[in-house]
Amino acid sequence: MSSHKLRRNINLPGRKEPLPFSDAVLVGDTLYLSGRIGIDPVTGIAPADVDQELRLLFDSFEAVLAQAGMTMNDLVWVQIFSPDVSLWKRFNALYVQRFSKELPARAFVGSGPLLKNGRFEMMGIAVKES
């Protein structure tokens, strides 16, 4: 019997441009989520309103998790990049509302400019509970 775990690439339907990465990769019960930015689907960039950008970011993250049959509660590790670390409290205020169980391990890292005028880029690892 092979010890190789099945690997499945996960991409949200309707990706507008071909990208050189998958939205996530599922290996066994572990989902590795690529970095995501809260992009307005109409303009293709992050909205001017920080709270709206965060809602779009979390909705997008939840959509990728759902493609693997998971939720935010399955996240075990999250990393956020932000060129403006003064937005840490604002990020946290909306972030914690997306969980109904224990919070995952996390890092909030100051960064250089992000693509699409984003103020936040979030990536993570989720594990499906048996």
Side-chain angles (χ1 to χ4, degrees):
M1 179 194 298
S2 171
S3 63
H4 177 72
K5 295 189 179 197
L6 293 179
R7 172 188 165 138
R8 179 168 61 110
N9 289 28
I10 295 175
N11 291 303
L12 290 178
R15 284 173 77 158
K16 292 185 179 177
E17 56 188 88
L19 299 171
F21 58 88
S22 295
D23 290 333
V25 176
L26 182 65
V27 181
D29 292 334
T30 304
L31 183 68
Y32 301 88
L33 293 104
S34 293
R36 302 200 68 73
I37 296 172
I39 297 173
D40 182 316
V42 175
T43 66
I45 61 172
D49 180 71
V50 174
D51 290 349
Q52 178 63 17
E53 178 183 354
L54 286 169
R55 280 189 289 278
L56 289 166
L57 169 61
F58 298 139
D59 289 350
S60 173
F61 222 70
E62 288 175 339
V64 175
L65 286 161
Q67 288 288 314
M70 297 185 189
T71 70
M72 294 287 278
N73 291 318
D74 293 307
L75 287 166
V76 295
W77 177 81
V78 173
Q79 186 166 10
I80 302 99
F81 297 95
S82 179
D84 186 354
V85 294
S86 72
L87 295 172
W88 182 76
K89 285 184 181 181
R90 206 134 166 219
F91 179 91
N92 286 338
L94 292 176
Y95 175 80
V96 297
Q97 294 175 15
R98 297 293 180 131
F99 297 89
S100 63
K101 293 184 177 180
E102 295 176 2
L103 297 171
R106 193 185 90 180
F108 190 101
V109 181
S111 72
L114 299 173
L115 296 173
K116 311 278 186 175
N117 294 334
R119 284 172 287 246
F120 308 96
E121 182 169 354
M122 187 166 85
M123 60 188 202
I125 299 172
V127 177
K128 183 70 171 172
E129 291 186 27
S130 300

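Just so you know, these numbers come straight off a predicted model, no measurement behind them.
Judged purely by distance below 3.5 Å, without hydrogens or angles, the side chains of Asp84 and Ser86 pair a donor atom with an acceptor atom.
Between Val64 and Ile10, the closest heavy-atom pair is O-CG2, 4.3 Å. Of all heavy-atom pairs spanning Leu114 and Glu121, the tightest one is CD1-N, 3.6 Å. Residues Ala46 and Gly118 come closest through the heavy atom pair CB-CA, 3.8 Å. Listed here is the closest heavy atom pair of Gly38 and Pro47: O-CD, 3.4 Å. Heavy atoms only, all atoms of each residue included: Met123 and Ser34 are closest at CB-C, 3.9 Å. In plain terms, the two heavy atoms of Met122 and Ile80 that are nearest each other are CG-CG1, 4.0 Å.
We find the CD-CZ distance between Glu53 and Arg90 to be 10.0 Å, quoted to the nearest 0.5 Å. Atom CE of Met72 and atom CD of Gln97 lie 11.0 Å apart (nearest 0.5 Å). For the atom pair CZ of Arg7 and OG1 of Thr30, the computed distance is 13.5 Å after rounding to the nearest 0.5 Å. If you take CG on Asn73 and CG on Leu103, they are separated by 9.0 Å, rounding to the nearest 0.5 Å. To the nearest 0.5 Å, atoms CG (Leu33) and CG (Leu26) are separated by 10.0 Å. Here CG of Asp49 is found 11.0 Å from CG of Asp40. Values are rounded to the nearest 0.5 Å.
Annotation: side chain of Asn92 is in contact with side chain of Arg106 (closest heavy-atom distance under 4.5 Å). For the pair Ile37 and Ser60, the minimum side-chain heavy-atom distance is 4.5 Å or more. Inter-residue side-chain proximity for Leu75 and Phe99 is flagged as met; some heavy-atom pair is nearer than 4.5 Å. Taking the side chain as every heavy atom from C-beta outward, Trp77 and Pro104 never approach each other to under 4.5 Å. Inter-residue side-chain proximity for Gln67 and Asp23 is flagged as unmet; no heavy-atom pair is nearer than 4.5 Å. Residues Arg36 and Leu57 meet the side-chain proximity criterion, which asks for heavy atoms closer than 4.5 Å. Lys101 has its side chain out of reach of Thr71: every pair of non-hydrogen atoms, C-beta onward, lies at least 4.5 Å apart.
Leu65 is not connected to Ile39 by any chain of hydrophobic side-chain contacts under 4.5 Å among Ile, Leu, Val, Met, Phe, Trp and Tyr, and they are in different clusters. The same ILVMFWY cluster, assembled from side-chain heavy atoms under 4.5 Å apart, contains both Val25 and Val76. Linking ILVMFWY residues whenever their side-chain heavy atoms come closer than 4.5 Å, directly or via other members, places Val127 and Val27 in the same cluster. Cluster annotation: Ile45 and Leu115 are assigned to distinct hydrophobic clusters (Ile/Leu/Val/Met/Phe/Trp/Tyr, side-chain heavy-atom contacts under 4.5 Å, transitive). No continuous path of hydrophobic side-chain contacts links Leu94 to Phe81 [ILVMFWY only; heavy atoms under 4.5 Å].
Aromatic ring pairs are classed by plane angle as parallel below 30°, tilted from 30° to 60° and perpendicular above 60°; the pair Phe58 and Tyr95 is tilted.
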Inset, instruction - Test Lys128 against Leu31 for side chain to side chain contact (heavy atoms under 4.5 Å, CB included), laying out the working first. - result: CA-CA 8 Å; Lys128 183 70 171 172; Leu31 183 68; over 6 Å; no
Inset, instruction - Carefully, step by step, assess Leu19 and Asn11 under the rule side chain to side chain contact (heavy atoms under 4.5 Å, CB included). - result: CA-CA 10 Å; Leu19 299 171; Asn11 291 303; over 6 Å; no
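Salt bridge status for Arg98 with Asp59: present, with a side-chain N to carboxylate O gap under 4.0 Å.
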